[in-house]
Amino acid sequence: MKRRILSIALLAAMCAALLAGCGQKSATWKVTCPWAPSGVAAMVSQQAATKSTSYSDSITLVAEAIKGDAATVNTWVADTKANDTELVFVGEGLLSITSILDPAKMQFGYEDFVFVENLYSSIFVLSADAKLNISSVADLEAYVQQGTEISVAVNGATGSEAFLAASLFGAMGAGDKLKLTPYQSAAEAAQAVARGETQFAVSHQSQILETYQQKGVTVVCAFDEGNIENGPFAGVEGVGQHGYPYFRNRCFVMARAGTDEKKVAELKELYGKILADAEVVEWLQDTMLLEVDTMSVADVEAHVENVKSIVNEYKDIVAG
């Protein structure tokens with residue numbers, strides 16, 4: 001009799017465990033990167049997807065990279081409903097730049113999304129042809145005061161890099177001397193300055209590193225509030241401490257507006273664990289030269305508005 005009671009109790013416990021498991025069905029969330037399939041965001045997204053199974057039994061992230069930008073996000077918004085297991089990246093490029101310069105491209109707005117997490121933060125840097133011997137903000141100001149034409153290589157004609165260059169040289173009073181030379185990628189722009197095609201370039205730190213190590217360029221300043229703290233460019237001055245405008249490049253993971261708050265919270269918690277993983281932190285800092293920079297909704301909205309203010313002030317320099 002005791003054995004039968006024990007067996008019944010064991011069976012009941014197993015059934016309870018199975019029922020509990022049924023309540024935790026695993027969901028696969030596709031994360032779309034709508035730009036630069038081999039770029040920084042796509043690489044970080046793939047790293048996060050790989051780590052997702054280590055921190056959740058109920059959510060698996062799958063990274064998808066597509067070249068398309070606004071058109072891809074338009075399609076995503078049109079095809080995705082609240083609570084679909086779909087996520088997409090949106091950044092200041094669309095929300096703060098395209099929304100002002102070419103709003104007709106966008107069939108969506110910030111209200112179509114609900115924020116999950118910021119995937120990373122990239123501090124852009126200004127590099128200079130090594131022959132110019134410019135290695136600080138003071139050196140740059142002295143160079144600008146000479147009144148010569150200034151050429152800067154940037155990623156795309158109206159991207160984040162173009163506006164950072166326009167805001168810095170525009171704030172120095174050299175907007176009328178500035179010539180922005182657009183390239184297909186930030187990596188190409190970084191190579192252009194080393195080849196002497198331009199005097200300066202704005203790029204991600206990782207994209208100028210090799211050229212810097214080969215002594216083809218100097219790294220003049222960072223587009224941030226203070227000095228860079230980590231990596232090979234530690235100590236490079238931030239333009240913000242000199243009173244110049246700046247913003248970081250960020251990559252927001254978004255769900256469709258109306259998605260259940262508990263699901264969003266679960267996703268945010270998962271991304272938080274992934275971004276706190278020691279291997280991920282080390283890889284971001286040492287390999288990608290990026291920073292973990294988790295944000296709140298208020299942080300996102302402040303970032304979007306800051307970039308919009310810079311775009312509005314310097315759009316005539318960029319777009320003519």
Side-chain angles (χ1 to χ4, degrees), residues 35 69-70 90-106 110 121-128 134 137-186 189-190 192-193 198-205 207-208 219-226 236-252 300-320:
W35 58 75
D69 208 26
V90 186
E92 69 275 346
L94 290 176
L95 296 175
S96 304
I97 299 176
T98 303
S99 64
I100 292 174
L101 295 187
D102 197 357
K105 279 188 177 180
M106 296 173 52
Y110 180 71
S121 181
S122 174
I123 302 173
F124 281 115
V125 293
L126 178 75
S127 54
I134 300 172
V137 172
D139 290 344
L140 184 64
E141 290 170 336
Y143 182 82
V144 167
Q145 288 172 7
Q146 295 174 17
T148 58
E149 185 178 87
I150 297 163
S151 59
V152 184
V154 293
N155 175 24
T158 59
S160 295
E161 294 93 329
F163 275 95
L164 288 170
S167 65
L168 178 60
F169 288 104
M172 287 183 176
D176 59 334
K177 302 291 184 182
L178 180 62
K179 177 186 177 184
L180 297 173
T181 304
Y183 288 82
Q184 292 297 313
S185 70
V193 67
T198 63
Q199 297 156 315
F200 302 93
V202 177
S203 69
H204 292 283
Q205 295 175 59
Q207 291 160 337
I208 199 65
V219 174
V220 180
C221 55
F223 292 95
D224 205 32
E225 181 177 7
V236 170
E237 293 179 285
V239 299
Q241 61 191 326
H242 294 276
Y244 296 113
Y246 66 90
F247 60 85
R248 291 185 176 195
N249 175 232
R250 291 181 165 111
C251 188
F252 304 135
V300 171
E301 292 175 353
H303 173 71
V304 168
E305 291 305 313
N306 174 53
V307 180
K308 279 185 175 180
S309 69
I310 290 173
V311 171
N312 278 318
E313 185 167 357
Y314 297 100
K315 63 184 178 183
D316 289 345
I317 295 176
V318 174

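- Side-chain atoms of Tyr244 and Glu141 include a donor-acceptor pair closer than 3.5 Å.
- Residue Gln184 places its CD atom among 12 or fewer non-hydrogen atoms of other residues, nucleotides or ligands, all under 6.0 Å distant.
- The closest side-chain heavy-atom distance from His204 to Phe124 is below 4.5 Å.
- The minimum heavy-atom distance linking Glu237 with Val137 is given by the pair OE1-N, 3.0 Å.
- Across Lys308 and Leu95, no two heavy atoms sit closer than the pair CE-O, 3.3 Å.
- Between Phe169 and Phe200, the two ring planes are tilted [angle within 30° to 60°].
- Between Val152 and Thr198, the closest side-chain pair of non-hydrogen atoms is not below 4.5 Å.
- Heavy-atom contacts from other residues, nucleotides or ligands closer than 6.0 Å to CD of Glu225 number 12 or fewer.
- Between Ser96 and His303 there is no side-chain heavy-atom pair separated by less than 4.5 Å.
- Inter-residue side-chain proximity for Lys177 and Thr148 is flagged as unmet; no heavy-atom pair is nearer than 4.5 Å.
- Remark: Arg250 pairs with Asp293 by the salt bridge (charged side-chain N to carboxylate O under 4.0 Å, His left out) rule, at least two apart or across chains.
- Across all non-hydrogen atoms, the minimal contact from Leu101 to Lys315 is CD2-CB, 3.9 Å.
- A heavy-atom distance below 4.5 Å is not found between the side chains of Val239 and Leu126.
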